[in-house]
2 protein chains.
Amino acid sequence: MPRTTGHTHVTGDPEELHAAAAVRLGADDQRYTSGRRALVELLADAPHPLTVAEVLERNEGLTQSSVYRNLAVLEATGVVDRVVTEDEFARYELAEDLTGHHHHHLICAGCGGVEDFSVPPDLETAMDEVFHKVARRSGFSVGHHRMDIIGWCATCRT
Amino acid sequence: MPRTTGHTHVTGDPEELHAAAAVRLGADDQRYTSGRRALVELLADAPHPLTVAEVLERNEGLTQSSVYRNLAVLEATGVVDRVVTEDEFARYELAEDLTGHHHHHLICAGCGGVEDFSVPPDLETAMDEVFHKVARRSGFSVGHHRMDIIGWCATCRT
DNA sequence: ATTTATGCAAATCGTTTGCAAACCT
DNA sequence: AGGTTTGCAAACGATTTGCATAAAT
């Protein structure tokens, strides 16, 4: 299931977002239940990727195990992306190819906090070409790339 | 303790490598014990970052808990780097600024396998400038960056 | 009705830790 | 001796899973 072609990007309208999510779930015979809709809403509103703990703080009606299960379903259907940081918590955000907003992460090695940023398109393209060339040479197919900064935020710098 | 300046890079001589490791440990009042030396040797010989399980397979004389403890010490003193992939296992390799070999990772989303690659110096520099600019704007200090490819290796492509 | 999702509690598993013995210096 | 490291076994904690109930089609 290629996730980089043929999809409509969501521009910012919540309706459109939910519709797109429903479509992707439906394509995999999955239902867009209230629990899953709640997750998509939380992630759409969050200014950065959320941990499961943060999800549960923001919506106390949700159950931990269902959140884990639903995030797995949403990830498998291309509605959310899992973000790996340096700490032990998985974080989730709306899938890039759903929002159409390609970006990278500033990750704080102290608190695990995450902030988004982008790089100039020409550089992004140049790097992409290198990535594909490198992958081809090694027999890899490119899924996506990570171009993240690991550092210390103003607070954690001590 | 800045880890990007003032250090001598190891070119390939095992003696030099161990000497450099000993120096870094000593700077933090840590001893270069046989268990730690064994880890450095394993990582120096490995063609890719190793998980703890792989370390234990390659040297059955080592104990799991000591391996974890020693990897933590080696990481804190800048002798090894922890590599975060998409799977649940931490991987370790000799620190970049110890080997002087800056590189990136091709990570297989299927088996978690890791392969190294580098990008042209001019691109690396251009990206670095962007990273520093972005970080400054957000009040972050840059530790290091990740520019990794997540994909599927020839075997896992199915 | 039948299939799928949920909530609770228990299990999983990589990693961490307490403590006594072994090791350095 | 005095402090550090090690090995074993027990503890931790994020995530997963079994199973009975609730919800959706």
Side-chain angles (χ1 to χ4, degrees), chain A residues 18 21-42 49-77 79-92 111-112 114, chain B residues 18 21-42 49-77 79-92 109 111-114:
Chain A
H18 288 300
V23 167
R24 296 204 179 183
L25 284 163
D28 225 330
D29 288 317
Q30 295 283 352
R31 300 171 184 168
Y32 196 31
T33 63
S34 63
R36 292 169 187 179
R37 189 183 312 261
L39 283 172
V40 169
E41 255 154 31
L42 281 180
L50 298 182
T51 63
V52 169
E54 288 169 334
V55 164
L56 295 173
E57 280 168 16
R58 283 168 170 70
N59 184 334
E60 309 212 338
L62 298 176
T63 306
Q64 193 185 49
S65 64
S66 294
V67 168
Y68 275 111
R69 269 192 280 234
N70 285 330
L71 284 173
V73 170
L74 293 171
E75 189 190 10
T77 49
V79 177
V80 309
D81 284 340
R82 180 203 297 255
V83 179
V84 177
T85 69
E86 303 284 284
D87 62 27
E88 59 260 80
F89 307 98
R91 287 156 205 271
Y92 294 86
C111 62
V114 178
Chain B
H18 288 301
V23 167
R24 297 206 179 183
L25 284 163
D28 224 330
D29 287 317
Q30 296 283 352
R31 301 173 184 168
Y32 196 31
T33 63
S34 62
R36 293 171 186 176
R37 188 183 313 260
L39 282 173
V40 169
E41 254 154 33
L42 280 180
L50 299 182
T51 63
V52 169
E54 289 170 331
V55 164
L56 295 173
E57 281 168 17
R58 283 168 169 71
N59 184 334
E60 310 212 337
L62 298 177
T63 306
Q64 195 185 48
S65 63
S66 295
V67 168
Y68 275 111
R69 269 192 279 233
N70 284 330
L71 284 173
V73 169
L74 292 171
E75 190 190 8
T77 49
V79 176
V80 309
D81 284 340
R82 179 203 300 254
V83 178
V84 177
T85 70
E86 302 284 285
D87 64 25
E88 59 260 78
F89 307 97
R91 286 155 205 270
Y92 294 85
C111 61
V114 178

**Prompt:** Reckon A53(B) touches a base, only the sugar-phosphate, or nothing at all at heavy-atom distances under 4.0 Å?
**Reply:** nothing

**Message:** Can you identify which nucleotide, out of dG7(C), dT15(D), dT16(C), has its nearest atom closest to the S66(A) side chain?
**Reply:** dG7(C)

**Message:** Between P on dA23(D) and OH on Y32(A), what's the gap in Å once rounded to a whole number?
**Reply:** 20 Å

**Message:** Whether the side chain of T63(A) engages the backbone of S66(A) through a donor-acceptor N/O pair (distance < 3.5 Å, no angle test) should be reported.
**Reply:** no

**Request:** Counting heavy atoms from C-beta on, name the nucleotide in dA5(C), dG14(C), dG3(D) closest to the side chain of F89(B).
**Result:** dG14(C)

**Request:** Determine: side-chain N/O of R36(A) to OP1/OP2 of dA5(C), distance under 4.0 Å, yes or no.
**Result:** yes

**Complete:** From CG of D28(B) across to C1' of dT5(D) the rounded distance in Å is 16 Å

**Asked** Given atom CD of E88(A) and atom P of dT16(C), what is their separation to the nearest angstrom?
**Response** 8 Å

**Fill in**
Exactly one candidate in R24(B), R82(B), R91(B) meets salt bridge (Lys or Arg N to Asp or Glu O under 4.0 Å) with E75(B); the answer is R82(B)

**Request:** State which of dG18(C), dT15(C), dA5(C) makes the closest approach to the side chain of R69(B).
**Result:** dG18(C)

**Prompt:** Between atom CG in L25(B) and atom P in dT4(D), what is the gap in whole Å?
**Reply:** 15 Å

**Request:** Write down the distance between CG (L56(A)) and P (dT6(C)), rounded to a whole number of angstrom.
**Result:** 14 Å

**Value in whole Å for how far the P atom of dG14(C) lies from OH of Y92(B)** = 14 Å

**Message:** Checking L71(A) against Y92(A) for the side-chain contact (heavy atoms from CB on, under 4.5 Å) test, could you report, in this order, the C-alpha distance in whole Å, the side-chain angles of both residues, the deciding distance, and whether it holds?
**Reply:** CA-CA 8 Å; L71(A) 284 173; Y92(A) 294 86; 3.5 Å; yes

**Asked** Do you know which two heavy atoms are closest between G112(A) and D87(A), and how far apart they sit?
**Response** CA-OD2, 3.4 Å

**Request:** Before giving the answer on side-chain contact (heavy atoms from CB on, under 4.5 Å), spell out for Q30(A) and L74(A) the whole-Å C-alpha distance, their side-chain angles and the decisive distance to 0.1 Å.
**Result:** CA-CA 9 Å; Q30(A) 295 283 352; L74(A) 293 171; over 6 Å; no

**Asked** Going by heavy atoms closer than 4.0 Å, what residues in residues 57-65 of chain B are next to DNA chain C?
**Response** Q64(B), S65(B)

**Prompt:** In whole angstrom, what separates R91(A)'s CZ from dT15(D)'s C1'?
**Reply:** 15 Å

**Asked** Would L39(B) and V80(B) satisfy side-chain contact (heavy atoms from CB on, under 4.5 Å), going step by step from the backbone distance to the final call?
**Response** CA-CA 10 Å; L39(B) 282 173; V80(B) 309; over 6 Å; no

**Asked** Can you check side-chain contact (heavy atoms from CB on, under 4.5 Å) on N70(B) and V67(B), steps first, answer last?
**Response** CA-CA 5 Å; N70(B) 284 330; V67(B) 168; 6.0 Å; no

**Prompt:** Given atom CD of Q30(B) and atom C1' of dT25(C), what is their separation to the nearest angstrom?
**Reply:** 15 Å

**Prompt:** Is the phosphate of dT6(C), meaning OP1 or OP2, less than 4.0 Å from a side-chain N or O of N70(A)?
**Reply:** yes

**Message:** Does dT15(D) have OP1 or OP2 under 4.0 Å away from a side-chain N or O of Y68(A)?
**Reply:** yes

